[in-house]
Amino acid sequence: MSYDDGPSMFQDQLAEKVRPFIDLIDYMRSIGIDKELPLPTIAVVGDQSSGKSSVLETLSGVALPRGTGIVTRCPLLLQLCNDRTVKWEAVISYGGKFRNEFDDPSEVVRHVEQAQNSLAGKGVGICEDLITLKITSSTVCDLSLIDLPGITRVAVKGQPDDIGAQINHLIRKFIKEKRTIILVVVPCNVDIATTEALKMAQEMDPEGTRTLAILTKPDLIDPGAEKNVLEIVHNKVIFLNMGYVIVKCRGQKQIDENVSITRAIEEELEFFQNHEHFRSLLREEKASTKCLANKLSNALVNHIKKSLPQMSEKIKEQMGEVKHLLSKLEGGPPLEPAEKRKYLIQVITDFNEQITQLSKGDIIVEENLFVLMRKEFAEWMKCLQNDKSNYHKVVQQVVDEYDQKHRGSELPGFSNYRVFQHVVQKLVAELKNPAMTTLQTIRDMVQKQFNHLSRESFKNYPYLHQVSKKNIETIQEQQSNIVKERIVEQFEMEMQVYTQDEIFNKHILEEGKTAGGKEHDTRSKYPGLLKAYYEIVVQRLADQVPMLIGYFILKQSAKIVCSEMLDLLHRDDTDDILQEDSEIEQYRAKLQAQLDRLILANDKISSL
């Protein structure tokens, strides 16, 4: 038999001070707090065939997987809960989803092996995923500990060559945490200083403040070696702050003879009581499984008490961080249809207000849009100014070469007005391409900032972002075409070579010329007259092109985009419009679940 329903060997463990603290850690682990911070626990480490499984089955009252090679292939969290009202029941869970309840102790081996096969695959490989086995019974002590794979040095058939390194990595992952008590299992009949398990514990806990060693198989000690074992137990060989306990668990012979665990514990007590060298260890509370259970429970509770202030502080710190992250995310759309429509109105209104403010220069997005536009319009002005020298040069050249190249049927001394008109038309027309370039540059600036607002306003709502982005692009294209037409019209109007006489005369005076009518016809005066006219053209184009671009590309575009977005409010598919980005939705749910866990943990700690 592997289980007895007789009276518990650990009844005196049911002290009120023990159970609440162990329950606290089990509860925190059950709600997933171990994902947020390491919890106080006991990790069981031992070389293969050290007697680790025997110790655990004695404490738990049930048989665990046994055999040669690697038997424990996944970390096994063994939660023991004493309940006088429960005969025996267990729950095994793993993989985050699988959970199975059963009430037959003989099924433990099958369920554990099934869990290991599910996580690590059939065979002899290992896996870092945790299996949780919770046993509630009137015959167990209150205790939680994690059984880790036995340390091995040589890979057997079917195992990867680096199996030893894999196991070492897994063990170190658990025992490196400062809140973990390292329970090292070492046979009495080996040189303790050479055991891999103790060496590893010393590396992770060099001061020995959180390491407790169990000496097993005292019945296999060679005669005369008992004194050496006593020196180890009395902390005279390798000092450990938590000390040593020696136990004698069921051997293979007792298992073959179906000796129950309860009977094995009784035989263990008789062994130490009758042992010439070890009977004194019973009085010193350094021998027997019962003593081990007491020591482990007290050690774990003390460790939990010591860790609570830091855990509480860490939980509160993480709560603040998670709340901050959640505050950066919108709460998501309401579930009620009426409230959801109100929410959609608000989301679109907020976007429209921002894009309107941007068009007025009331907000800055990444860079100041109006500063960028002014710089580009200044470049347009510079282009007009730079073209003056070429304009003056060409006009002067036409005057100088008029008789040789441009004179028609007119008499000497007379000039054909059309010749000079064509020159002005040709030179002014060359400014159209730079005007179109300015238009494209400003459009790119505005569209980039509109898109940025869309991305930020609708970052949680892909459909709204997609629709707004498409609207922005379409409207910008439409408005750009309007401005192109207006610019073309403007340059076609400039082909008239016209201005008010009063304006023209004013510019002639500014150029230092005489305004007399006859002198206007003097060919030598033409360069000055045409220069004055070009200044008028420059003044018209310097303002007109930026005003056209600013009005249609920025002001009108913003107004039309707002109108198009408001049209969405007339549709009935609000759910589709407000469909959240799956990653944002999952991230928010993850943060909320994390916050819920932390709040529950904080409340639980506060309740102690």
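- Listed by chain and residue number, E203 satisfy the side-chain hydrogen bond (donor to acceptor under 3.5 Å, both in side chains) test with R172 (two or more places apart in sequence, or in another chain).
- Applying the side-chain hydrogen bond (donor to acceptor under 3.5 Å, both in side chains) test to N302 and every residue at least two apart in sequence or in another chain returns nothing.
- Judged as a ring-ring contact (aromatic ring centres under 6.0 Å, His included), and not counting sequence neighbours, the contacts of F271 are H275.
- Partners of S93 under the side-chain contact (heavy atoms from CB on, under 4.5 Å) rule, at least two apart in sequence or in another chain, are R99, T132.
- Residues E313 and K316 are not paired through a salt bridge, judged by the lack of any N-O separation under 4.0 Å between the basic side chain and the carboxylate.
- Taking 4.5 Å as the limit, every side-chain heavy atom of D47 sits out of range of all side-chain heavy atoms of V185.
- For residues 31-55, no residue pair satisfies the ring-ring contact (aromatic ring centres under 6.0 Å, His included) rule, not counting sequence neighbours.
- Here K469 pairs with nothing under the side-chain hydrogen bond (donor to acceptor under 3.5 Å, both in side chains) rule; sequence neighbours left out.
- A salt bridge is absent between R73 and E128: the closest approach of a Lys/Arg side-chain nitrogen to an acidic carboxylate oxygen does not fall below 4.0 angstrom.
- Residues forming a side-chain contact (heavy atoms from CB on, under 4.5 Å) with K227 (at least two apart in sequence, or on another chain): none.
- For the residue pair E113 / N117, no side-chain donor-acceptor distance below 3.5 Å is found, with atom types taken as modelled.
- Under the rule for a ring-ring contact (aromatic ring centres under 6.0 Å, His included), H465 has no partner lying at least two apart in sequence or in another chain.
- K52 contributes atom NZ, which lies 10.0 Å from atom CG of L183 (distance to the nearest 0.5 angstrom).
- Partners of K199 under the side-chain contact (heavy atoms from CB on, under 4.5 Å) rule, at least two apart in sequence or in another chain, do not exist in this structure.
- No side-chain donor from either of T262 and S260 sits under 3.5 Å from a side-chain acceptor of the other.
- A salt bridge does not link E267 to K248: none of the charged side-chain nitrogens sits closer than 4.0 Å to a carboxylate oxygen.
- Side-chain contact between D219 and K217 is present, with heavy atoms from C-beta onward closer than 4.5 Å.
- Every residue meeting the ring-ring contact (aromatic ring centres under 6.0 Å, His included) condition with F351, not counting sequence neighbours, appears here in chain and number order: F458.
- Counting heavy atoms from C-beta outward, L215 and V247 have side chains that stay 4.5 Å or more apart.
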Return a table of donor-acceptor pairs under 3.5 angstrom between the side chains of residues 206-214 and protein atoms on other chains or two or more places apart.
{"residue": "T209", "atom": "OG1", "partner": "D205", "partner atom": "OD1", "Å": "3.3"}
{"residue": "R210", "atom": "NH1", "partner": "I175", "partner atom": "O", "Å": "2.9"}
{"residue": "R210", "atom": "NH1", "partner": "E177", "partner atom": "O", "Å": "3.1"}
{"residue": "R210", "atom": "NH1", "partner": "T180", "partner atom": "O", "Å": "2.8"}
{"residue": "R210", "atom": "NH2", "partner": "I175", "partner atom": "O", "Å": "2.9"}
{"residue": "R210", "atom": "NH2", "partner": "M204", "partner atom": "O", "Å": "3.1"}
{"residue": "T211", "atom": "OG1", "partner": "D205", "partner atom": "OD2", "Å": "2.7"}

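- Using a 4.0 Å cut-off between a side-chain N of Lys or Arg and a carboxylate O of Asp or Glu, K295 and E285 do not qualify as a salt bridge.
- Contacts of R29 classified as side-chain hydrogen bond (donor to acceptor under 3.5 Å, both in side chains), with partners at least two apart in sequence or in another chain: none.
- Y244 is not listed as a side-chain neighbour of V184, based on a closest heavy-atom distance of 4.5 Å or more.
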